[in-house]
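Worksheet: one structure, shown below.
Along the sequence shown, the residues carry numbers beginning at 1.
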Amino acid sequence: MNQDILQRLTETLEARKHVSPDSSYVAKLFSKGEDAILKKIGEEATEVILASKEGDKSHLVCETADLWFHCMVLLAQHGLNADDVLNELARREGLSGITEKASRKGD
C-alpha cells in the first residue's frame, strides 16, 4: 500500500498541471510558478525544524509529509518525479557520504 503512494501522488500532480487553478491547490501552485513552490518548500522546511525542536513526533511526521509533498510538486514542475530521486538514492547506496559528495561537480 505505502509503496504505491508515490506513484499515485505523481499521477495526481501531473493531472493537476492541466486543470483550472480555481479547482486545485496544486494547480494554483503550478500557475503561480516556481517561486511560489520554492516559498512553500522554505515554509515547510522551517516547520519541520520547529516540529523537531518541539519533540512532538506526530507533528514532525505531519510536517515532513508536507515538505515531501511540496518537494514532489517542485519535481513535477521540472518534469521530474519521485522515481528520479529514488534512483539517485539507489545510486548512492553503499557509498561513503564523503566519497559521494566529492564525486559531485561544484561541491
**Fill in**
In terms of heavy-atom contacts, S20 and A27 come closest through O-CB, 3.6 Å
**Fill in**
Applied to residues 47-67, the ring-ring contact (aromatic ring centres under 6.0 Å, His included) test, sequence neighbours excluded, yields none
**Prompt:** Just how far is it from atom CG of N87 to atom CZ of R91, taken to the nearest 0.5 Å?
**Reply:** 11.0 Å
**Item:** Non-hydrogen side-chain atoms of L75 and D84 separated by less than 4.5 Å
**Value:** no
**Request:** Any chance you could measure L60, atom CG, to E47, atom CD, to the nearest 0.5 Å?
**Result:** 12.0 Å
**Message:** Let me check something: do V61 and I5 share a hydrophobic cluster, defined by ILVMFWY side-chain heavy atoms less than 4.5 Å apart, either directly or through other members?
**Reply:** no
**Asked** Step by step, would you call R8 with E11 a salt bridge (charged side-chain N to carboxylate O under 4.0 Å, His left out)?
**Response** CA-CA 5 Å; R8 289 193 310 270; E11 292 167 4; over 6 Å; no
**Asked** For L74 and E34, what are the C-alpha separation, side-chain angles and deciding distance, and is it a side chain to side chain contact (heavy atoms under 4.5 Å, CB included)?
**Response** CA-CA 7 Å; L74 180 65; E34 184 176 37; 3.9 Å; yes
**Message:** Please say yes or no: joined through hydrophobic side-chain contacts below 4.5 Å, possibly via intermediate residues, are W68 and L6 part of one cluster?
**Reply:** no
**Smallest separation among heavy atoms of E63 and A51, with atom names** = CG-CB, 4.1 Å
**Donor-acceptor pair, side chain of S52 and main chain of V48, under 3.5 angstrom** = no
**Within residues 20-46 or reaching into it, pairs that qualify as ring-ring contact (aromatic ring centres under 6.0 Å, His included) - sequence neighbours excluded** = Y25-H70
**Request:** Report yes or no: do L13 and L86 belong to one cluster of Ile/Leu/Val/Met/Phe/Trp/Tyr joined by side chain heavy-atom distances under 4.5 Å?
**Result:** yes
**Request:** Check the hydrophobic clustering (I, L, V, M, F, W, Y; side-chain heavy atoms under 4.5 Å; chains of links allowed) and say if V26 and V19 are grouped together.
**Result:** no
**Message:** Nearest 0.5 angstrom please: D83 CG to Q7 CD, how far?
**Reply:** 6.0 Å
**Request:** Working to the nearest 0.5 Å, report the span between OG1 of T12 and CZ of F69.
**Result:** 8.5 Å
**Message:** With rounding to the nearest 0.5 angstrom, report the OG1 to CG distance, T10 to D4.
**Reply:** 11.5 Å
**Asked** Within a reach of under 6.0 Å around NZ of K17, are more than 12 heavy atoms found that belong to other residues, nucleotides or ligands?
**Response** yes
**Between CG on residue L67 and CD on residue E43, distance to nearest 0.5 Å** = 11.5 Å
